[in-house]
K.L.:
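Have a look at the structure that comes next, please.
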Amino acid sequence: QKQLVESGGGLVQAGGSLRLSCAFSGGTFSSYAMGWYRQAPGKDREFVVGISRSGGNTEYRADVKGRFTISRDNAKNTVTLQMNALRPEDTAVYYCAARGVTNYDIVVTSFDYWGQGTQVTVSS
């Protein structure tokens with residue numbers, strides 16, 4: 001059974017930084033494209049960033065480009081989201097997600113497995 005466990009959320013002032021981590025278990029991590037979604041109160045869940053199995057390809061939503069960086073460690077079964085220059089509008093529950101794919105370099109925006117989420121709150 002696939003399990004994704006996020007950590008690293010919290011409260012930070014605008015302009016600050018947070019680092020989210022996601023630990024994957026129950027499968028061969030390197031066989032999964034990974035990503036992060038977020039959901040703000042009263043809004044739909046939205047795609048934030050995706051990363052390929054290799055880690056060599058990424059895709060970001062426009063409003064986080066240059067501020068957020070995704071990375072993965074296939075030896076440690078983890079994916080990390082470094083978030084800098086945070087804004088109040090980044091406040092949301094952030095979800096780690098996974099999808100098994102055969103292509104080593106593809107980035108996906110839809111996923112099959114989800115974590116429970118971690119709260120990120122940015123104060124103004």
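What's counted below: heavy atoms across the whole structure, side chains too, no hydrogens, waters or symmetry copies. All residue numbers in this chain count up from 1 along the given sequence.
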K.L.:
Is Val101 reachable from Phe29 through a run of hydrophobic residues whose side-chain heavy atoms are each under 4.5 Å from the next?
P.N.:
no
K.L.:
Does any N or O in the side chain of Arg61 come within less than 3.5 Å of the main-chain N or O of Phe47, such that one atom is a donor and the other an acceptor?
P.N.:
yes
K.L.:
Does any part of the side chain of Leu20, heavy atoms only, come nearer than 4.5 Å to the side chain of Tyr95, both counted from C-beta?
P.N.:
no
K.L.:
Looking only at atom types and distance, does a side-chain atom of Arg45 sit under 3.5 Å from a main-chain N or O of Val93, one as donor and one as acceptor?
P.N.:
no
K.L.:
Do Gln82 and Thr80 get their side chains close enough for a donor-acceptor pair, meaning under 3.5 Å?
P.N.:
no
K.L.:
Backbone N or O of Gln116 within a donor-acceptor pair of the Glu6 side chain at under 3.5 Å?
P.N.:
yes
K.L.:
Do we get Arg72 above Phe24's six-membered ring, with its NZ or CZ under 6.0 Å from the centre and within 45° of the axis?
P.N.:
no
K.L.:
When you measure from the side chain of Asn74 to the backbone of Arg53, do you find a donor-acceptor pair of N or O atoms at a distance under 3.5 Å?
P.N.:
yes
K.L.:
Determine whether Phe111 and Val49 fall in the same hydrophobic cluster, where Ile, Leu, Val, Met, Phe, Trp and Tyr are linked whenever their side-chain heavy atoms lie under 4.5 Å apart.
P.N.:
no
K.L.:
Kindly give the heavy-atom pair with the smallest separation between Ala14 and Pro88, and that separation in Å.
P.N.:
CB-CD, 4.1 Å
K.L.:
Report the distance from atom SG of Cys22 to atom CG of Asn77, rounding to the nearest 0.5 Å.
P.N.:
10.0 Å
K.L.:
Do Met83 and Val48 have side chains that approach each other closer than 4.5 Å (heavy atoms only, starting at C-beta)?
P.N.:
no
K.L.:
Hey, does the side chain of Asn57 reach the backbone of Asp105 with a donor-acceptor pair shorter than 3.5 angstrom?
P.N.:
yes
K.L.:
Is a salt bridge present between Arg67 and Asp90, judged by a nitrogen-to-oxygen distance below 4.0 Å?
P.N.:
yes
K.L.:
When hydrophobic residues are tied together by side-chain contacts of less than 4.5 Å, even through go-betweens, does Tyr94 share a cluster with Leu11?
P.N.:
no
K.L.:
Apply side-chain contact (heavy atoms from CB on, under 4.5 Å) to residues Met34 and Leu4 and explain how you reach the verdict.
P.N.:
CA-CA 11 Å; Met34 302 295 295; Leu4 289 74; 4.0 Å; yes
K.L.:
So which heavy atom on Ala33 is nearest to which on Val108, and how close?
P.N.:
CB-CG2, 3.8 Å
K.L.:
Would you say that Tyr113 contacts Tyr32 through its side chain, given a criterion of any heavy-atom pair below 4.5 Å between the two side chains?
P.N.:
yes
K.L.:
State the CZ-OG distance between Arg87 and Ser124, to the nearest 0.5 angstrom.
P.N.:
14.0 Å
K.L.:
Quick one: closest heavy-atom pair of Arg38 and Val64, and the distance?
P.N.:
NH1-CG1, 4.0 Å
K.L.:
For the side chain of Tyr37 and the backbone of Thr109, is there at least one donor-acceptor N/O pair under 3.5 Å apart?
P.N.:
yes
K.L.:
Is Val107 linked to Ile70 within one hydrophobic cluster, defined over Ile, Leu, Val, Met, Phe, Trp and Tyr using a side-chain heavy-atom separation of less than 4.5 Å?
P.N.:
no
K.L.:
I want to check something: taking the side chain as every heavy atom from C-beta on, are Cys96 and Trp114 in contact at a cut-off of under 4.5 Å?
P.N.:
no
K.L.:
Say whether, by atom type as modelled, one donor and one acceptor occur between the side chain of Thr91 and the main chain of Val122 under 3.5 angstrom.
P.N.:
yes
